[in-house]
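Chain A is the first sequence line, chain B the second, and so forth, proteins listed ahead of strands; every chain is numbered from 1.
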There are 2 protein chains.
Amino acid sequence: MVQKYEESFESFLENFKNTVSKLGFKNSIQKDYILKILYFNDEHLSAEQIANIAKSEYKVDMGIATVYRTVKFFEELNIVNSLDIGDGAKRYELNLSLHHDHMICTSCNKILEFNDEVIEKQQIKVAKDNNFYLNDHIMTIYGVCEKCQ
Amino acid sequence: MVQKYEESFESFLENFKNTVSKLGFKNSIQKDYILKILYFNDEHLSAEQIANIAKSEYKVDMGIATVYRTVKFFEELNIVNSLDIGDGAKRYELNLSLHHDHMICTSCNKILEFNDEVIEKQQIKVAKDNNFYLNDHIMTIYGVCEKCQ
DNA sequence: ATTCATGCAAACGTTTTGCAACTAT
DNA sequence: ATAGTTGCAAAACGTTTGCATGAAT
């Protein structure tokens, strides 16, 4: 439903590492693996889940503080978005894809992504009408998914 | 921009108190004042702000736990909405008005309300197309307000 | 009399911070 | 050599809970 730009993880990672260097920051395996975990998981992961996957799946030691610092860093570079599904812990997702919004099932907490041209355009219009310089938007629909009904 | 139903606070409060009684709960000055504070403030207030206004402006003793319990109670009755502007603390607003969404200025944190027919309708369509039983939605536009540009 | 609501303080879960050791440049 | 990065533990923050007291019905 939501398309990713065609790009292999390898080229994406290389690109990212160059950016990090250019900005005067340092690369690390922690940064690499957080990126990899977000890239290869369709799920929207919490900081704790990211740290757990790093440890169990990739045997990479990763403190929770590092995860929080790194996703914040990624957010500032605009390659990660965070979202609040209302259960206390923020979820993080890679921002490779076209802009999309979320539908959250209030029964099973599952997150569906969608992207809708009409909403995208209308949001630009609303901002313009209010003399608002638009940076971003989120739209989240709450309801009950097909399975849970 | 966003209209309120025509109703005085007094009649609204009386109505609310009847509902509370009917449901088998008890009325209290804390409930009354939280309602009053939300009613007469255009701002979107955090739990702490509500408690502070109660104490300073109305000389009503109000523990922070009571505020949290009460706004949760109000949310369940569907007369209060909570919103996360991304700075840690949830904000609460009375749900008297027609459904509306928010524009948040990332410079001054001011919250503007708007309501847009096209977005309302399209969100219903999106849910329907995905076999999603719609309960509610939020849309938040982030940008820079006229004053801050 | 019953049951709900309250304030306080303690507990909780998530996120942030200080720090000393470490690593990339 | 320098400056960013890490894991750990402690702290901070918003929110929730247990409990004894108090208030509404």
Side-chain angles (χ1 to χ4, degrees), chain A residues 13-14 16-35 37 44-56 58-77 80-92 109, chain B residues 13-14 16-35 37 44-56 58-77 80-92 109:
Chain A
L13 181 60
E14 194 174 330
F16 164 75
K17 286 183 156 194
N18 285 338
T19 307
V20 170
S21 296
K22 266 184 214 144
L23 292 171
F25 295 104
K26 287 174 184 162
N27 284 294
S28 69
I29 50 166
Q30 285 82 359
K31 285 197 184 80
D32 296 354
Y33 274 96
I34 291 175
L35 224 40
I37 289 166
H44 299 76
L45 303 171
S46 68
E48 204 177 7
Q49 290 174 314
I50 293 170
N52 287 341
I53 292 174
K55 283 177 224 166
S56 65
Y58 297 107
K59 314 294 174 205
V60 177
D61 191 26
M62 196 177 293
I64 192 76
T66 299
V67 179
Y68 279 111
R69 281 187 286 234
T70 305
V71 293
K72 182 169 284 185
F73 176 73
F74 288 171
E75 276 194 271
E76 278 156 15
L77 296 187
V80 158
N81 296 323
S82 67
L83 59 147
D84 180 1
I85 70 165
D87 73 339
K90 272 192 187 145
R91 311 293 150 131
Y92 302 92
N109 271 336
Chain B
L13 181 59
E14 195 174 331
F16 163 75
K17 287 182 156 193
N18 285 337
T19 307
V20 170
S21 296
K22 265 184 216 146
L23 292 171
F25 297 104
K26 287 174 184 163
N27 285 293
S28 69
I29 50 166
Q30 285 82 358
K31 286 197 182 81
D32 295 355
Y33 275 96
I34 291 174
L35 224 41
I37 288 166
H44 299 77
L45 303 171
S46 69
E48 203 177 10
Q49 289 176 314
I50 293 170
N52 287 342
I53 293 173
K55 282 177 225 167
S56 66
Y58 298 107
K59 314 295 175 206
V60 177
D61 191 26
M62 196 177 292
I64 192 77
T66 299
V67 179
Y68 280 112
R69 280 187 287 234
T70 306
V71 293
K72 182 169 283 184
F73 175 73
F74 288 171
E75 276 193 272
E76 278 156 16
L77 296 187
V80 157
N81 297 322
S82 67
L83 60 147
D84 179 1
I85 70 165
D87 74 338
K90 272 191 186 147
R91 310 294 150 129
Y92 302 93
N109 271 335

Can you give one letter per nucleotide of nucleotides 11-19 of chain D, 5' to 3': B if a protein heavy atom sits under 4.0 Å from the base, S if only from the sugar-phosphate, - if neither? ---SBBBB-
Between D/dT2, D/dT25, C/dG7, which one does the side chain of B/Ser21 approach most closely? D/dT25
What is the separation between atom CG on A/Asn52 and atom P on D/dG7, rounded to the nearest whole Å? 13 Å
How many whole angstroms separate atom NZ of A/Lys55 from atom C1' of D/dC8? 11 Å
Answer yes if the side chains of A/Glu75 and A/Ser82 hold a donor-acceptor pair under 3.5 Å, and no otherwise. yes
Report the distance from atom CZ of A/Phe74 to atom C1' of D/dT5, rounded to the nearest whole Å. 13 Å
Look at the side chain of B/Thr66 and the backbone N and O of B/Met62, then say whether any donor-acceptor pair between them is shorter than 3.5 Å. no
For B/Ser28 and C/dT6, is the shortest distance between a side-chain N/O and OP1 or OP2 below 4.0 Å? yes
Nearest-Å distance for atom pair CD1/P, residues B/Ile34 and C/dT6: 7 Å
Charged N-O contact under 4.0 Å between B/Asp84 and B/Arg91: no
Does the plane of the ring in A/Phe16 sit parallel, tilted or perpendicular to the ring in A/Phe74? Use 30° and 60° as the thresholds. perpendicular
If you go through the side-chain atoms of B/Lys31, does one of them form a donor-acceptor pair with the base of C/dA5 closer than 3.5 Å? no
Closer than 3.5 angstrom, by distance alone: can the side chain of A/Lys26 be matched with the main-chain N or O of A/Val20 as a donor-acceptor pair? no
Rounded to the nearest angstrom, tell me the gap between atom CD1 in B/Ile29 and atom C1' in C/dC4. 15 Å
Rounded off to whole Å, could you give me the CE-to-P distance for the B/Met62 and C/dT6 pair? 8 Å
Using OP1 and OP2 only, check whether a side-chain N or O of A/Gln30 sits under 4.0 Å from C/dT23. no
Without decimals, in angstroms, what is the distance between A/Ile50 CD1 and C/dT15 P? 10 Å
Do the non-hydrogen side-chain atoms of B/Leu35 and B/Thr70 ever get within less than 4.5 Å of each other? no
Tell me: CG of A/Asn18 to P of C/dA24, nearest whole Å? 17 Å
Looking at B/Tyr68 versus B/Phe73, is the centre-to-centre ring distance below 6.0 Å? no
